[in-house]
Protein chains: 2
Amino acid sequence: MAASASPPPDDEQPRLGLRERKKLKTRVAIREATYRLIAEQGYEATTVEQIAAAAEVSPSTVFRYFPTKEDIVLTDEFDPVMEAEIRARPADEPPLESVRAVLRHAVETILVDDPEEFAQRSKLMLEIPAVRARMTETMAETSLMLSRAVASRTGRQESDLEVLVFTASVLAALREVTIYWAGHGQKDDLAVLIDRALDSLKGGLAL
Amino acid sequence: MAASASPPPDDEQPRLGLRERKKLKTRVAIREATYRLIAEQGYEATTVEQIAAAAEVSPSTVFRYFPTKEDIVLTDEFDPVMEAEIRARPADEPPLESVRAVLRHAVETILVDDPEEFAQRSKLMLEIPAVRARMTETMAETSLMLSRAVASRTGRQESDLEVLVFTASVLAALREVTIYWAGHGQKDDLAVLIDRALDSLKGGLAL
DNA sequence: CCCCTTTTGAGAGTTACTGTCATTTGACAT
DNA sequence: ATGTCAAATGACAGTAACTCTCAAAAGGGG
């Protein structure tokens, strides 16, 4: 997927050390500065130097936290959660339906959690090729985890061509949905669009 | 897709002017130099400056011919041909089958045409994230053309979500096939793999 | 309060890519 | 051939995303 905001409900109440808390703050500061600057000036016009200045850290630090500029916008902590959720679905459920349930839940969470950030990210995905490309790269990792989960539930290898095609198609469809949604003023109901897309896959892409 | 080499069988015997012939030569020289250097030193270690030197042109010229370094490796002139071929398929054929026929033909052509280049490109797609990313970008354009063709043949809008999901899934599957093939020593029969992938889509991704 | 480890910032360097301008070179008419 | 014009090239300067290295600063534990 592509969400971020609050990482899954804090497992560790047990107090992060000051160090860790500061790191988290820096991370957030960088991201917020980035989103703000991009909203004001556009993506390409915003340099990492400006981001660093706005977040009050050095450029070095920005790169320590995010490997690329695109990652500042995209980073995503949902994969592990989704993996667990998929594994938790009933074993006899068709994989496509498991994915549907999990995605629906994920989307719901994101929209409650931080709708604006999600909206802005979707728009960037629509408009900035570099971001879309990086997003797709990120999806490659998601794809791996999804393949693992699907493989283990169906008793196939995760390198099985059919498994790979499954995950690649599902994620590609999800990406199209997101872009479609962003391209239509973000007015549609995401859950409905996801259902349509998955139904289309389920029906064998008959047009 | 992702092929290049000789552009579709020269429609114009009627003599390219010296100018055009020279341009073509330069294009080829740059690409050959690039492939050679990459084979020798790896992708990242090969700079555009080196490529320019090896092709005996200036760096400026390299960038005039190819917008990015990745494009030198990826550029692809097959889209228009494939678009025409799809439109030429019988109108009552299911789109997935039209795609199957055209892809099969395209793969055949490529493998006859310039198997080595195709092999090396696949390997780069597998190994170099930047190339894979750029490849995916390229696929976005292919996706557009495929959507146009499919839309016009099914009487849908090309912005129709189902059409978008169709093309995105097909191309994602094709990408997986290519990577799978490259990752397995390029020993399998590509046509067979494509069939398996498309069958999987046709069957509604039931696992 | 001191020591040790982690984090940070400063600075220098690389490389892909952009834009500009003067020079060259093919095309074409005379 | 020769002159003229447009297209292609090369030289150059500049930007911005990264990378590396090293010394200064700051948290944590005794």
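Protein chains get the first letters and strands the later ones, always in sequence-line order, with residue 1 at the start of each.
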Point to revise | DNA chain C: 5'-proximal contact among B/L18 and B/Y43 (nearest heavy atom) | key: B/Y43
Check your understanding: Does the side chain of A/K69 get closer than 4.0 angstrom to OP1 or OP2 of D/dA16 through an N or O atom?
Key -> no
Check your understanding: Is it true that the NZ or CZ of B/R156 lies under 6.0 Å from the centre of B/F166's six-membered ring and within 45 degrees of the ring axis?
Key -> no
Point to revise | Nearest heavy-atom neighbours spanning A/D188 and A/H184 | key: OD2-CB, 3.7 Å
Point to revise | Donor + acceptor pair across side chains of B/T167, B/S147 (<3.5 Å) | key: yes
Point to revise | Residue mapping more 5' on DNA chain C - nearest nucleotide basis, B/E44 or A/E56 | key: A/E56
Check your understanding: What is the distance from CZ of B/R27 to C1' of D/dA8, rounded to the nearest Å?
Key -> 15 Å
**Study point:** Separation of atom CZ in A/R19 from atom P in D/dA26, rounded to whole Å
**Key:** 12 Å
Check your understanding: Can you find a side-chain donor-acceptor pair between A/Q41 and A/T46 that sits under 3.5 Å?
Key -> yes
**Study point:** Closest to the A/R64 side chain, choosing from D/dT21, C/dT6, D/dT19
**Key:** D/dT21
Exercise for review: For A/T47, answer base if it contacts any base atom (sugar-phosphate contacts may also be present), sugar-phosphate if it contacts only those atoms, and nothing otherwise; contact means non-hydrogen atoms under 4.0 Å.
Suggested key: sugar-phosphate
Review point. Between C/dT25 atom C1' and B/R21 atom CZ, what is the distance in whole Å?
Key: 14 Å
**Study point:** B/K23 side-chain N/O to D/dA8 phosphate OP1/OP2 under 4.0 Å
**Key:** yes
Exercise for review: Report the residue (A/T68 or B/K22) whose heavy-atom-nearest nucleotide on DNA chain D is the more 5′ of the two.
Suggested key: B/K22
Review point. Which one, C/dT18, D/dG28, D/dA11, comes nearest to the side chain of B/S58?
Key: D/dA11
Review point. Is the closest side-chain donor-acceptor distance between B/E70 and B/Y43 under 3.5 Å?
Key: yes
**Study point:** From D/dA26, C/dT8, C/dT18, nucleotide with atom closest to B/F63 side chain
**Key:** C/dT18
Point to revise | Contact summary for A/Q50 and A/A45, nearest pair of heavy atoms | key: OE1-O, 3.4 Å
Exercise for review: Could you say whether B/S60 or A/E20 is positioned toward the 5' end of DNA chain D, judged by the nucleotide with the nearest heavy atom to each?
Suggested key: B/S60
Practice item. May I have the distance from A/K25 (atom NZ) to D/dA26 (atom C1'), rounded to whole angstrom? Key: 15 Å
Review point. Just how far, in rounded Å, is P of C/dA16 from CZ of B/F66?
Key: 15 Å
Review point. For B/T61 and D/dG10, is the shortest distance between a side-chain N/O and OP1 or OP2 below 4.0 Å?
Key: yes
Practice item. Tell me what A/P67 touches on the nucleic acid: a base, only sugar-phosphate, or nothing, going by heavy atoms under 4.0 Å. Key: sugar-phosphate
Practice item. Give the rounded distance in Å between these two atoms: CD of A/E70 and P of D/dA16. Key: 15 Å
Review point. If only side-chain N and O atoms of A/Y65 are considered, is one of them under 4.0 Å from the OP1 or OP2 phosphate oxygen of C/dT7?
Key: no
Practice item. Please state how far atom CG in A/L37 lies from atom P in D/dA16, giving the value in whole angstrom units. Key: 14 Å
Check your understanding: Could you give the CD1-to-P distance, from B/I51 to D/dG10, as a whole number of Å?
Key -> 15 Å
